[in-house]
S.K.: 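This is the structure I want to talk about, given as structure tokens.
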Amino acid sequence: KLFFDAYLKDDSSGIQLWPRVRFFNIGREQWLNSSCWPIANHKIKFYLSFDSTLVYSPNKQKSGQLNYKVDYTANTGGGSRWNSQTLVYRYLPNTSYPERSLQLNKNIVFKSSPLSDSLMIDGYAQVQIPIFFDGEDPQVFVYLDEVAPDGTVRYISEGMVRVSHRQPPASLGIQSAISTPAELFKVNQFRYVNPSERELVRIEFLPISYTVPRGHQLILSFAGADSAHFDNTQKAPSHFIFDLKKPGEAFLELPIFFDK
């Protein structure tokens with residue numbers, strides 16, 4: 001009613017009391033008010049280690065290479081966000097990810113230790129990972145989940161990129177696949193991957209406001225396909241080689257809100 005009063009009756013006295021931003025935090029299960037969004041005021045990093053863990057410091061990373069054989073049956077299921085816009089494409093009754101633990105068995109997985117305190121993730125998480133591909137046109141899907149002490153796995157967010165659409169930062173002199181809301185995927189940016197070269201892949205997750213409780217663990221996983229929603233490329237790789245030899249280079253960065 002206040003909206004219609006403001007724009008049809010020219011009476012904005014009520015709408016001025018509204019917060020500028022109102023958003024829902026999953027985990028806290030609350031609607032929150034703010035003057036802006038995201039409200040994250042800090043960033044933390046977890047580093048990917050050769051022993052398939054996520055660690056807080058690059059000094060604790062174990063170095064090496066991990067060989068992931070791409071499972072092209074990996075998918076996010078019929079209740080995922082990709083199916084949520086219309087009943088035409090939805091083949092589960094609700095938007096949900098009920099089989100995350102089963103699907104994670106098809107991905108390469110990195111897992112944190114139990115959190116010593118809760119984390120309120122708010123905004124765009126990012127991941128950076130160096131990979132060798134044995135195919136010229138790879139797609140990388142990355143997922144962030146949480147696991148409760150009882151083993152229940154819950155989806156948090158995801159990101160994806162077709163690496164052939166990478167655009168190298170000229171100032172760095174390196175090739176990096178960057179998936180962001182501003183990516184245009186222009187034809188003149190398309191370049192096949194050279195299997196003999198290492199790609200520094202950067203992917204931005206879909207934005208989220210999500211609180212992970214104390215004692216839960218974070219799971220970061222990668223796949224080369226989402227068979228329920230994306231076609232495979234004609235020159236897709238059979239293996240990803242995760243090159244974790246350089247400390248600090250492979251990381252998950254989370255935007256965090258801390259109460260001051």
Side-chain angles (χ1 to χ4, degrees), residues 48 50 52 64-83 85 89 91 97 99-110 125-145 153 155-169 174-206 219-245 249-252:
L48 283 67
F50 174 67
S52 299
Q65 290 185 328
L66 293 173
N67 188 337
Y68 168 60
K69 183 178 180 180
V70 178
D71 188 333
Y72 281 98
T73 68
N75 67 84
T76 48
S80 80
R81 62 178 299 277
W82 301 105
N83 302 79
Q85 303 302 312
Y89 297 108
Y91 51 96
Y97 297 78
E99 300 178 348
R100 288 303 295 157
S101 58
L102 296 177
Q103 291 302 323
L104 287 176
N105 292 331
K106 301 178 180 182
N107 301 354
I108 185 169
V109 173
F110 298 85
Q126 297 186 48
V127 67
Q128 174 176 288
I129 181 74
I131 308 176
F132 288 97
F133 302 98
D134 64 358
E136 296 180 2
D137 196 6
Q139 300 178 104
V140 180
F141 298 82
V142 60
Y143 303 96
L144 183 62
D145 296 86
V153 178
Y155 165 95
I156 298 176
S157 187
E158 66 188 287
M160 64 288 296
V161 69
R162 185 176 179 182
V163 184
S164 299
H165 285 287
R166 68 201 182 284
Q167 186 175 13
I174 61 174
Q175 293 182 340
S176 56
I178 304 175
S179 171
T180 70
E183 180 61 77
L184 300 178
F185 299 106
K186 294 180 179 179
V187 172
N188 61 5
Q189 293 178 356
F190 186 93
R191 291 176 295 115
Y192 281 124
V193 167
N194 185 338
S196 65
E197 295 181 358
R198 189 181 74 150
E199 298 287 341
L200 188 62
V201 179
R202 299 190 185 112
I203 304 176
E204 188 170 73
F205 288 80
L206 297 168
I219 294 179
L220 179 71
S221 69
F222 296 85
D226 180 353
S227 62
H229 306 102
F230 294 91
D231 292 334
N232 298 323
T233 63
Q234 294 183 352
K235 297 184 178 182
S238 59
H239 291 83
F240 294 178
I241 305 296
F242 290 76
D243 188 37
L244 305 176
K245 294 181 178 180
E249 190 174 35
F251 60 81
L252 165 68

S.K.: Taking side-chain hydrogen bond (donor to acceptor under 3.5 Å, both in side chains) as the test, write out the residues that go with T233, two or more places apart.
M.R.: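 By the side-chain hydrogen bond (donor to acceptor under 3.5 Å, both in side chains) rule, T233 matches no residue at all.
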
S.K.: If you look at every heavy atom in Q65 and D243, which pair is closest and at what distance?
M.R.: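 Smallest heavy-atom distance, with atoms named: NE2-OD1, 3.0 Å.
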
S.K.: As an exercise, state the distance from CD1 of I219 to CG of L104, rounded to the nearest 0.5 Å.
M.R.: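 The CG atom of L104 is 5.5 Å from CD1 of I219, to the nearest 0.5 Å.
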
S.K.: Let me confirm one number: the CE-CD1 distance from M160 to I203, rounded to the nearest 0.5 Å.
M.R.: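 Result: 8.5 Å between the selected atoms.
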
S.K.: How far does CG of L220 sit from CG of L252, to the nearest 0.5 angstrom?
M.R.: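 Reported to 0.5 Å precision, the distance equals 5.5 Å.
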
S.K.: Any chance you could measure D145, atom CG, to R100, atom CZ, to the nearest 0.5 Å?
M.R.: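 Going from CG on D145 over to CZ on R100, the span is 4.0 Å.
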
S.K.: Could you work out, with side-chain contact (heavy atoms from CB on, under 4.5 Å) as the rule, every residue matching A250, not counting sequence neighbours?
M.R.: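 Listed in chain order: L48, I129, P130, L244.
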
S.K.: Using side-chain contact (heavy atoms from CB on, under 4.5 Å), reason through H239 and F133 one step at a time and then give a plain yes or no.
M.R.: CA-CA 6 Å; H239 291 83; F133 302 98; over 6 Å; no

S.K.: Check whether any side-chain heavy atom of V193 sits under 4.5 Å from a side-chain heavy atom of E199, and report yes or no.
M.R.: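 Yes. Closest side-chain heavy atoms under 4.5 Å.
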
S.K.: Using side-chain contact (heavy atoms from CB on, under 4.5 Å), reason through I241 and I131 one step at a time and then give a plain yes or no.
M.R.: CA-CA 5 Å; I241 305 296; I131 308 176; 5.6 Å; no

S.K.: For G224 versus Y72, what's the shortest heavy-atom pair and its separation?
M.R.: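 That closest heavy-atom pairing would be O-CE2, 3.7 Å.
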
S.K.: Can you name the residues that form a side-chain contact (heavy atoms from CB on, under 4.5 Å) with F190, not counting sequence neighbours?
M.R.: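 side-chain contact (heavy atoms from CB on, under 4.5 Å) check on F190 returns D137, R162, S164, H165, Y192.
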
S.K.: Rounded to the nearest 0.5 Å, what separation is found between the CD1 atom of I108 and the OG atom of S221?
M.R.: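 Between atom CD1 of I108 and atom OG of S221 there are 9.5 Å.
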
S.K.: Got a sec, which residues hit side-chain hydrogen bond (donor to acceptor under 3.5 Å, both in side chains) with Q128, two or more places apart in sequence or on another chain?
M.R.: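 side-chain hydrogen bond (donor to acceptor under 3.5 Å, both in side chains) list for Q128, sorted by chain: R202.
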
S.K.: Show your working on side-chain contact (heavy atoms from CB on, under 4.5 Å) between N75 and Q103 and close with a plain yes or no.
M.R.: CA-CA 7 Å; N75 67 84; Q103 291 302 323; 4.0 Å; yes

S.K.: Please name all residues satisfying side-chain contact (heavy atoms from CB on, under 4.5 Å) with S52, sequence neighbours left out, ordered by chain then number.
M.R.: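 Only L66 meet the side-chain contact (heavy atoms from CB on, under 4.5 Å) criterion with S52.
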
S.K.: Under the ring pair (Phe, Tyr, Trp, His ring centres under 6.0 Å) rule, collect the residues that match up with F251, sequence neighbours excluded.
M.R.: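 None.
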
S.K.: Verify whether the ring centers belonging to Y143 and F205 lie closer than 6.0 Å.
M.R.: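 No, ring centres 6.0 Å or more apart.
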
S.K.: Mind checking ring pair (Phe, Tyr, Trp, His ring centres under 6.0 Å) for F222 and listing every partner two or more places apart, or none if nothing turns up?
M.R.: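 Residues passing ring pair (Phe, Tyr, Trp, His ring centres under 6.0 Å) with F222: F242.
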
S.K.: What residues, two or more places apart in sequence or in another chain, satisfy salt bridge (charged side-chain N to carboxylate O under 4.0 Å, His left out) together with D226?
M.R.: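 Once residues adjacent in sequence are excluded, D226 has no partner under the salt bridge (charged side-chain N to carboxylate O under 4.0 Å, His left out) criterion.
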
S.K.: Would you please name every residue forming a ring pair (Phe, Tyr, Trp, His ring centres under 6.0 Å) with Y68, sequence neighbours left out?
M.R.: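 For Y68, the residues satisfying ring pair (Phe, Tyr, Trp, His ring centres under 6.0 Å) (neighbours in sequence not counted) are F240.
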
S.K.: Holding to side-chain hydrogen bond (donor to acceptor under 3.5 Å, both in side chains), I want the full list of residues that pass it with N105, two or more places apart in sequence or in another chain.
M.R.: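 By the side-chain hydrogen bond (donor to acceptor under 3.5 Å, both in side chains) rule, N105 matches no residue at all.
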
S.K.: Rounded to the nearest 0.5 Å, how far does CZ of R198 lie from NZ of K245?
M.R.: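 These two atoms lie 9.5 Å from each other.
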
S.K.: Compare all side-chain heavy atoms of V142 with those of E158 and state whether any distance is below 4.5 angstrom.
M.R.: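 A side-chain contact under 4.5 Å is absent here.
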
S.K.: Are the side chain of N107 and the backbone N or O of V109 linked by a donor-acceptor pair below 3.5 Å?
M.R.: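 Side chain of N107 to backbone of V109, a donor-acceptor pair under 3.5 Å: no, none is there.
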
S.K.: If the condition is salt bridge (charged side-chain N to carboxylate O under 4.0 Å, His left out), which residues does K235 pass it with, not counting sequence neighbours?
M.R.: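 With sequence neighbours excluded, K235 shows a salt bridge (charged side-chain N to carboxylate O under 4.0 Å, His left out) to E136, given in chain and number order.
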
S.K.: Could you work out, with side-chain hydrogen bond (donor to acceptor under 3.5 Å, both in side chains) as the rule, every residue matching S238, not counting sequence neighbours?
M.R.: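 By the side-chain hydrogen bond (donor to acceptor under 3.5 Å, both in side chains) rule, S238 matches D134.
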
